[in-house]
Amino acid sequence: IERTFSIIKPDAVRRNLIGKIVAKFEEAGLRVVAMKKIHMTREQAEGFYAVHKERPFYGELVEQMSASPVVVQVLEGENAILKNREIMGATNPANAEEGTIRKEFALSVGENSVHGSDAPETAAEEIRFFFTDDEIVG
Ligand code: GTP
Ligand code: MG
């Protein structure tokens, strides 16, 4: 059993899509073992996306992620990291497959409704960034 970290991004929370997105995770067999709604500070968004610091879209990404509330979650299941990436779909919604969250809900590559960890190391790091052990209930 594996755990991954997920964010329902501001564009989706603003459009009242939390439930529809969580339903996609649950339908695919992932369980929510931690969840909270937060408004990221600019510093938190900068820290979370530090790996993208040199990318041209970094400023816009930090701006968007701290503009309004998000829902951060820990998802658990068989191959949770890969499964979550499949449910999310391609980063650019124009390339996302039918039935994926980004195909159905994303507005653009910047406002693409969800984040999901891409590997076991980043999943562990990202979970630790937002959650303490006692907030995760398996
Ligand atoms: P995450 O799950 O959010 O990490 O998505 P990803 O792994 O599919 O994408 P990546 O890690 O490469 O980029 C992180 C985030 O930066 C993406 O989810 C996008 O929101 C944003 N991003 C990536 N490329 C671009 C771009 O060309 N323009 C803009 N505006 N944003 C981008
Ligand atoms: Mg990524």
Side-chain angles (χ1 to χ4, degrees):
I1 240 51
E2 190 173 66
R3 284 178 176 174
T4 191
F5 174 74
S6 163
I7 305 177
I8 303 176
K9 293 189 179 186
D11 72 273
V13 173
R14 254 184 254 127
R15 287 177 291 145
N16 219 14
L17 294 171
I18 296 169
K20 285 191 170 141
I21 290 175
V22 173
K24 295 269 195 199
F25 299 141
E26 293 184 335
E27 281 160 16
L30 296 176
R31 304 187 72 86
V32 177
V33 294
M35 175 180 250
K36 58 188 172 185
K37 189 176 188 183
I38 61 168
H39 190 149
M40 272 195 226
T41 62
R42 162 170 286 278
E43 291 67 33
Q44 264 178 314
E46 283 171 351
F48 182 74
Y49 282 115
V51 288
H52 295 308
K53 202 161 23 192
E54 307 306 328
R55 310 279 285 276
F57 56 83
Y58 179 68
E60 187 183 61
L61 183 58
V62 166
E63 196 64 50
Q64 288 173 337
M65 290 301 287
S66 56
S68 64
V70 301
V71 174
V72 290
Q73 304 143 93
V74 180
L75 304 175
E76 186 179 86
E78 243 12 279
N79 292 314
I81 295 168
L82 191 64
K83 190 176 275 182
N84 182 38
R85 303 281 300 180
E86 285 171 4
I87 302 163
M88 286 168 36
T91 308
N92 185 340
N95 304 325
E97 290 200 42
E98 217 53 59
T100 62
I101 291 170
R102 283 166 169 167
K103 175 70 178 187
E104 277 187 39
F105 303 124
L107 301 173
S108 64
V109 64
E111 294 190 301
N112 60 358
S113 303
V114 280
H115 162 86
S117 309
D118 55 15
E121 302 71 41
T122 47
E125 229 172 83
E126 292 174 358
I127 290 169
R128 246 185 293 116
F129 194 91
F130 287 104
F131 291 99
T132 57
D133 283 345
D134 63 296
E135 290 177 308
I136 304 169
V137 182

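Indexing begins at 1, ligand by ligand and atom by atom, following the structure's order. Predicted, not measured: the structure shown is a model, and the values here were computed from it.
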message: Which residue and atom name correspond to the protein heavy atom nearest atom 19 (C) of ligand 1, and how close is it?
response: Val109 O, 3.1 Å
message: Tell me the protein heavy atom at minimum distance from atom 23 (C) of ligand 1, and give that distance in Å.
response: Phe57 CZ, 3.4 Å
field: Proximal atoms of ligand 1 relative to Leu61 (non-hydrogen, under 4.0 Å)
entry: 16 (O), 20 (O), 21 (C)
Salt bridge (charged side-chain N to carboxylate O under 4.0 Å, His left out) assessment of Glu63 paired with Arg42: CA-CA 7 Å; Glu63 196 64 50; Arg42 162 170 286 278; 2.5 Å; yes
- prompt: Between Arg15 and Glu111, does at least one N-O distance fall below 4.0 Å, as a salt bridge requires?
  reply: no
message: For Glu111, which part has a heavy atom under 4.0 Å from ligand 1: side chain, backbone, both, or neither?
response: neither
message: Classify the ring geometry of His52 against Phe57: parallel below 30°, tilted from 30° to 60°, perpendicular beyond 60°.
response: tilted
message: Which residue and atom name correspond to the protein heavy atom nearest atom 13 (O) of ligand 1, and how close is it?
response: His52 NE2, 3.6 Å
message: Could you check whether Glu104 pairs with Lys24 (Lys NZ or Arg NE/NH1/NH2 to Asp/Glu carboxylate O, under 4.0 Å)?
response: yes
- prompt: Where is the nearest protein heavy atom to atom 5 (O) of ligand 1: which residue, which atom, and how far?
  reply: Arg102 NH2, 3.3 Å
- prompt: Would you call the rings of Tyr49 and His115 parallel, tilted or perpendicular if under 30° counts as parallel and over 60° as perpendicular?
  reply: perpendicular
Side-chain heavy-atom pair Phe25, Val32 within 4.5 angstrom cut-off: no
query: In the protein, which heavy atom is nearest to atom 6 (P) of ligand 1, and how far is it?
result: Thr91 OG1, 3.4 Å
query: What is the closest protein heavy atom to atom 2 (O) of ligand 1, and at what distance does it sit?
result: Gly116 N, 2.9 Å
message: Is it true that, when you exclude Glu97 itself, more than 12 heavy atoms of the residues, nucleotides or ligands shown sit nearer than 6.0 Å to its CD?
response: no
task: With heavy atoms only and a cut-off of under 4.0 Å, state how Gln64 meets ligand 1: side chain, backbone, both or neither.
output: neither
message: Which residue and atom name correspond to the protein heavy atom nearest atom 1 (P) of ligand 1, and how close is it?
response: His115 ND1, 3.1 Å
- prompt: Are any side-chain N or O atoms of Glu135 and backbone N or O atoms of Thr132, one a donor and one an acceptor, separated by less than 3.5 Å?
  reply: yes
message: Out of all atoms in ligand 1, which are within 4.0 Å of some heavy atom of Asn112? Include the element for each.
response: 17 (C), 18 (O), 19 (C), 20 (O)
message: Testing the basics here: between Gly89 and Arg102, what is the closest heavy-atom pair and its distance to 0.1 Å?
response: O-NH1, 3.1 Å
message: Could you tell me, atom by atom, which parts of ligand 1 come under 4.0 Å of a heavy atom of Met88?
response: 2 (O)
field: Nearest neighbour in protein (non-hydrogen) for atom 30 (N) of ligand 1
entry: Glu60 OE1, 2.6 Å
